[in-house]
Protein chains: 2
Amino acid sequence: MNDAVDIDLARLRRSCAQCSLQQLCLPAGIDADELVRLDEIVRRRRTLARGERLFRIGDPLASVFVARDGAFKTVSISEDGEEQVIGFHLAGELIGLDALGEGAHRCEAVALETANVCDVPLDELSAVAAQLPSLQQQLLRVIGHSLNRDHDHMEMLVRRQANERIALFLHGLGERYRQIGQSPSALRLPMSREDVARFLGLALETVSRGFTRLQEDGVIAVHGRRVEILDLDLLERLAHGAESGDPKRQRSAS
Amino acid sequence: MNDAVDIDLARLRRSCAQCSLQQLCLPAGIDADELVRLDEIVRRRRTLARGERLFRIGDPLASVFVARDGAFKTVSISEDGEEQVIGFHLAGELIGLDALGEGAHRCEAVALETANVCDVPLDELSAVAAQLPSLQQQLLRVIGHSLNRDHDHMEMLVRRQANERIALFLHGLGERYRQIGQSPSALRLPMSREDVARFLGLALETVSRGFTRLQEDGVIAVHGRRVEILDLDLLERLAHGAESGDPKRQRSAS
DNA sequence: CGTTCCATTGAATTGCGTCAATATGTGTGG
DNA sequence: CCACACATATTGACGCAATTCAATGGAACG
């Protein structure tokens, strides 16, 4: 008898208005009735299992995606068949912008764990954005954040020592978890050491050794993919080039 | 007496409709009367001398810029004061997107030689784009190209040998020059070896040695900042991981 | 309880960074 | 036009950080 009610409830629960990511995702800064219009085009939502692909290299650009939960990696394949990890995508982050330039994807997006995504048809999004300046602005802002993450990534890769990159990686990941309301210090890494290595431009053994070293210095505690940040201050200093030769750092903030 | 005519001519010559970059820049795919509207907001054009900055870190985002000629680098400054070269920008390429995320620039844009730029106020651009779907689409495409260049850059930095990166860099630069109608093989590098090094994540001595090596192998001819690509095929193969131990490569395309 | 995948640890090699000297080029003023 | 100084580029020698190869350890799965 209350089928209709059930459907409405289910529908509502999955709407942008109810989404925990509202303030991070496209709806940010949009008022209630505008939200309805955005919500109408964000109908399709998909669940992906670990290892499933959201899109593949060469797929034409149809939609951009927003991770609701779970995590993705985007990888490009070099001519010798090696995977390069271009980026990791957590909840609230846009996926699929790599096809904006040519209209076809240059990367594949792989779910690192069970994940939900919103599928946002790009042409409809553009149409609505054209009528809602605040949405257009927010779209550019979200694209900008994606650009910023790429730049952070490049800065990691350019002339930083292995241990610095690893510290920077863990610290940045913690920050991103904080933003989506999860613990910034008790991390469960959704990606393998190999993924981390291919992201940081290191050999996987080097990543492993880096984790061990950080643990020995009391900065983090590692249990497989569970990483706890014990000394955020020190982690930050290591990320910014301080050499760790001694568990007790003398140069405190004066 | 013909002052008015002179001004109109000068004005016209600098308009988007007359610009040699038309098909690469924002106007691509826009029809004539739409072009007029775009042209109206792209009034300010600036000339910068070598070393001048288009914007600095922290500057609020007001405009995006398009290089008309000349070249720029965008650099970020790490906490220890070192410059990181985030990207190089040739004619037709958008500069200033780094501020989209936070509304303030994270990089500085430095002219590598005397350069002209179009200054496009972003709020006016958004307003016009909202009314011209083709312009909005083109804006996204140009942003996408910028993203693609960043990804190419990252792929250079991740687990590639020094010589590979250098070959890839030269090859990519040639391609970009080709796109703007210049010779793809007779290059005059607008940037110093140090800039190249900070872009590729190498020591400047390593870059120098790489150039020398490529010259010894007959791939390029180097005269200071003049670089001529002699064997494009081989350069490409070196860029994709082929080891150069011998000037004569035996493994040809079967 | 075994099999498979993933992570850690060790030992040997090497590519690249660092330091240092020299060479080449570029712009300035005499 | 040359001489000078200064910036930029090349080349050499050496050491070390990170890769590679290889083996072991541990967790997750059926």
- Message: Closest-nucleotide mapping onto DNA chain C: is R160(B) or G224(A) further toward the 5' terminus? I mean the 5' end.
- Response: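 The answer here is G224(A).
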
Give the rounded distance in Å between these two atoms: [atom1] of [X] and [atom2] of [N].
X       : N       : atom1 : atom2 : result
L204(A) : dT19(D) : CG    : P     : 10 Å
Q161(A) : dG15(C) : CD    : C1'   : 15 Å
R225(B) : dG27(C) : CZ    : P     : 10 Å
I166(A) : dT8(C)  : CD1   : P     : 11 Å
L189(B) : dG25(C) : CG    : C1'   : 15 Å
L202(A) : dG15(C) : CG    : C1'   : 15 Å
L214(A) : dT8(C)  : CG    : P     : 12 Å
L157(B) : dC16(C) : CG    : P     : 13 Å

- Query: Are there more than 12 heavy atoms of other residues, nucleotides or ligands under 6.0 Å from atom CZ of R188(B)?
  - Reply: no

- Message: Just checking R50(B): does its CZ atom have more than 12 heavy atoms from other residues, nucleotides or ligands closer to it than 6.0 angstrom?
- Response: no

- Message: Regarding dC19(C), can its base be found pairing with the side chain of E205(B) as donor and acceptor, where the two atoms are less than 3.5 Å apart?
- Response: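 Counting by modelled atom types and ignoring angles, a donor-acceptor contact under 3.5 Å is found here.
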
- Query: Just checking V196(B): base, sugar-phosphate only, or nothing, at a heavy-atom cut-off of under 4.0 Å?
  - Reply: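 Nothing, no heavy atom under 4.0 Å.
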
- At under 4.0 Å between heavy atoms, what does G210(B) touch on the DNA or RNA strands: base, sugar-phosphate, or nothing? nothing

Phosphate-side-chain proximity, [X] and [N], N/O vs OP1/OP2 below 4.0 Å:
X       : N       : result
R159(B) : dT20(D) : yes
R209(A) : dT19(D) : no
R50(B)  : dA7(D)  : no
S208(A) : dT9(C)  : no
R193(B) : dT10(D) : yes

- Task: Determine the minimum heavy-atom distance between R176(A) and F88(A), stating which atoms define it.
- Result: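 Result for this residue pair: NH2-O, 2.5 Å.
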
- Item | R160(B) and E79(A) ion-paired at < 4.0 Å |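 Here R160(B) pairs with E79(A) in a salt bridge, since their nearest N and O are under 4.0 Å apart.
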
- Message: Working note: E194(A) + K73(A), criterion salt bridge (charged side-chain N to carboxylate O under 4.0 Å, His left out); need CA distance, chi angles, decisive distance, verdict.
- Response: CA-CA 12 Å; E194(A) 180 158 23; K73(A) 64 174 175 182; over 6 Å; no

- Note on the structure: Assert: residue with more 5' nearest nucleotide on DNA chain D, out of T206(B) and V207(A), is T206(B)

